[in-house]
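Let me begin by presenting the structure, written as structure tokens, before commenting on it.
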There are 2 protein chains.
Amino acid sequence: MTDYDKSKHIRNGGPVTLADIAKLAGVSPVTVSRAINTPALVKPHTLEAIEKVIARTGYVPNLLAGGLASRRTRLIAAIVPSVASTIFAETIEGLNAELVSAGYQLLLGLSGYDPGRELELTRAILARRPDGIILTGITHMKETRAMLTGASLPIVEIWDSTPSPLDTAVGFSHAAVGRLVAEHLLIRGYDRYAQVGANDPRAVQRRDGFVNRLKGIAEVELPELDMNSPSTFRDGRMAMAQLLDRGGGSLGVFCSSDVVAHGALAEAHARGCNMPGDLAIIGFGDFDFAPHTHPPLTTVRIDRRDIGTKAARSILRKIAGDASVEAMIDIDFHIVARGTA
Amino acid sequence: MTDYDKSKHIRNGGPVTLADIAKLAGVSPVTVSRAINTPALVKPHTLEAIEKVIARTGYVPNLLAGGLASRRTRLIAAIVPSVASTIFAETIEGLNAELVSAGYQLLLGLSGYDPGRELELTRAILARRPDGIILTGITHMKETRAMLTGASLPIVEIWDSTPSPLDTAVGFSHAAVGRLVAEHLLIRGYDRYAQVGANDPRAVQRRDGFVNRLKGIAEVELPELDMNSPSTFRDGRMAMAQLLDRGGGSLGVFCSSDVVAHGALAEAHARGCNMPGDLAIIGFGDFDFAPHTHPPLTTVRIDRRDIGTKAARSILRKIAGDASVEAMIDIDFHIVARGTA
DNA sequence: AGTTACAATGAAAGCGCTTTCATTTCTTCG
DNA sequence: CGAAGAAATGAAAGCGCTTTCATTGTAACT
């Protein structure tokens, strides 16, 4: 029978405790603690002896105990909607890389675009006493906000822009993205305009920015899609079919992501549309395949990894007590004009 | 100045401790503990009073303290190579969903396909005393294995198959995948065969299975790609260009992932290749775009999410003390024949 | 040699919970 | 109505560390 005995002598991380190491090395526990955390404070000779014992016994410190005593867990939590949609994956990678190199660990929560789940996650996460927390977006339930501010830890909100973040925000204005795309399409001028994509808060903001910029100039068509965020290749393809079936004049389409745009592109390509003359498609995200589609996809480029990196740096600075971290850290975006618009 | 005071009265999760709740509710700390963890053991009247105080104070239990005392952290760690390559993202989502619904939390580590990093991560993770750990793949440094077995906790290795897992494995044989693909291509029969893709351990196994099955029948061409795992759309496109430039007869290509295959497909399509007559492409993963490419991509389907779900279930059973968990849990795969092979 | 300063170590308390084990309070039934 | 058993609660110890604060050892200077 498999044995995961948690009793006196066989425990997680080995049976060894800091006290054991101390005894074996002939020093007091404090000295071992110092040897591990602030080796500069212990005499080289003693240090060496302790390290030898640690290596020999395979001792792995218990960070639960350490965190409890020191009130520092070296844990940073991040809540993102999903990890399966490429959009956040790179942010997480950036975040993680930066945190790991600073000796922190990432505790990931997946909210599935659900504010209720975000609240539950926040509670569960706070119970682990992270040194900081990163949230996606700026809209949270009031209970979440209350819990967060009550916890008085560094908070970074990512992937959106706001004049009044909970603490600090790293992101950009999605409405501005929508406006920019509208203007890009307006330069050439199309008979019809459409937007297709997800209905998460940020995609909606991009859509609204797009629609508003076009207000008084053109009605924006919004094909019905029975879907939740994030949208897929398939959604894009279906939506484009719908739009093209309606017929009538040249068409400029803004897709909520490159994946959706790619699907739209596939449909357009299959029908032999003339791009970008009669049909323009603009995506969002500049995914790795964007330059290689046929024709290459015009899209909005935003450095997703950089969001993670900057968020990590901000939170680390806050933890270090640096009060000079800006409330809003802006991330650049711009249109990469390729073959589809 | 922002104030993340960790002093006596303003701490993470609020200043409140279990002892405070006890005092306010007029009971002893144990009773509060029971009210939270085993409410059935406390009288409804008392329970209600305690819950009221908890709600009023916004008390968030300290799981560090709880974990230290109970030796159960309700934390499951998972180490995956990356989260940016779609391949593992869905496994993580499956894992997470299952764990969350059982009251556990996922601690994610990203190894970047680097065994050394995996070792470091393992150490860091074990220091948090998770109740179980999930690793990607079956090849680990011997130090990692030693540390893991020494920690005596449930272990699940995912995404590969082996007769001798560290504890339990959930996955499939990549060599078998390679063989299956070879056989699929052999039925139609091509003049040339090639494999293009990543060089991570599992992609290599798939390649080897493919090559071995073709041994004595055909030499398998392996275009040079200056890249690391995971490969991209771009890699696929370049590799296909290389292969096509060499000219000479019909060609059957096995790509290490659908993303690579998609790139290869784009190049083939651009050149107006006749598929699957003169050119066959088989991907791996059955990503969401696969049915929608042009022509639709033939690929190997494997339920990535299911790997996560099954891994979670296995580890939860192990934690619950169930010794009957199989050592090897096989995951199905099969070829989805669409338009490219 | 005698102070002073600093470097190196240690003793004790405590972080916020859970775990026994003991005690009290309630039921139930002869 | 009182004994016996069950239900509800509590007291005390301890999980494995870090944090003061105190002590000792070692240089450095006059």
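Here is the naming used below: chain letters follow the sequence lines, and residue numbers restart at 1 for every chain.
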> OP1, OP2 of C/dG10 versus side-chain N and O of A/Thr31: anything below 4.0 Å?
Replying inline: yes

> To the nearest angstrom, how far is A/Leu41 atom CG from D/dT20 atom P?
Replying inline: 13 Å

> Rounded to whole angstroms, how far apart are CZ on A/Arg74 and P on D/dC17?
Replying inline: 16 Å

>> Does a side-chain N or O of B/Thr46 approach OP1 or OP2 of D/dT9 to a distance below 4.0 Å, or not?
In response: yes

>> Using OP1 and OP2 only, check whether a side-chain N or O of B/Arg71 sits under 4.0 Å from D/dG16.
In response: yes

> Would you call the rings of B/Phe88 and B/Tyr113 parallel, tilted or perpendicular if under 30° counts as parallel and over 60° as perpendicular?
Replying inline: tilted

>> Checking the side chain of B/Thr91 only, and the main-chain atoms of B/Gly308 only, is there a donor and an acceptor separated by less than 3.5 Å?
In response: no

> Taking the side chain of B/Val42 as its heavy atoms from C-beta onward, which of C/dC17, C/dG10, D/dT9 lies nearest to it?
Replying inline: D/dT9

>> How many whole angstroms separate atom CZ of A/Arg129 from atom C1' of C/dG16?
In response: 9 Å

> Run the side-chain contact (heavy atoms from CB on, under 4.5 Å) check on A/Ile76 and A/Leu95 step by step: do they pass?
Replying inline: CA-CA 10 Å; A/Ile76 305 283; A/Leu95 201 52; over 6 Å; no

> Whole Å only: how far is the CG atom of A/Leu68 from the P atom of D/dC15?
Replying inline: 13 Å

>> Tell me the interatomic distance from A/Leu126, atom CG, to C/dG16, atom P, rounded to whole angstroms.
In response: 15 Å

>> On the nucleotide C/dT18, are OP1 or OP2 found under 4.0 Å from the side-chain N or O atoms that B/Ser33 carries?
In response: yes

>> Checking the side chain of A/Asp20 only, and the main-chain atoms of A/Thr17 only, is there a donor and an acceptor separated by less than 3.5 Å?
In response: yes

> B/Thr73 side chain to B/Arg129 main-chain N or O, any donor-acceptor pair under 3.5 Å?
Replying inline: yes

> Quick one: A/Arg34 CZ to D/dC21 P, roughly how many Å, whole number?
Replying inline: 14 Å

> Any idea which of D/dG10, D/dC17, C/dC17 is nearest the B/Val27 side chain?
Replying inline: D/dG10

>> Is the phosphate of C/dC15 approached by B/Asn62 (side-chain N or O, under 4.0 Å from OP1 or OP2)?
In response: no

> Of all the nucleotides listed (D/dT18, C/dT18, C/dG16), which has the minimum atom distance to the side chain of A/Ser70?
Replying inline: D/dT18

> For the side chain of B/Ser28, counting heavy atoms from C-beta on, which of C/dT18, D/dC17, D/dA11 is nearest?
Replying inline: D/dA11

> Can you check the B/Leu64 CG to C/dC15 C1' distance for me, whole Å?
Replying inline: 10 Å

>> Looking at B/Tyr59, I'd like to know whether one of its side-chain N or O atoms comes within less than 4.0 Å of OP1 or OP2 on C/dC17.
In response: yes

> Which whole-number value in Å describes the distance from B/Glu48 CD to D/dA8 P?
Replying inline: 15 Å

>> The side chain of B/Lys43 is closest to which nucleotide in this list: C/dT9, D/dA8, D/dG16?
In response: D/dA8

> Out of D/dG10, C/dG16, D/dC17, which nucleotide sits closest to the side chain of B/Val30?
Replying inline: D/dG10

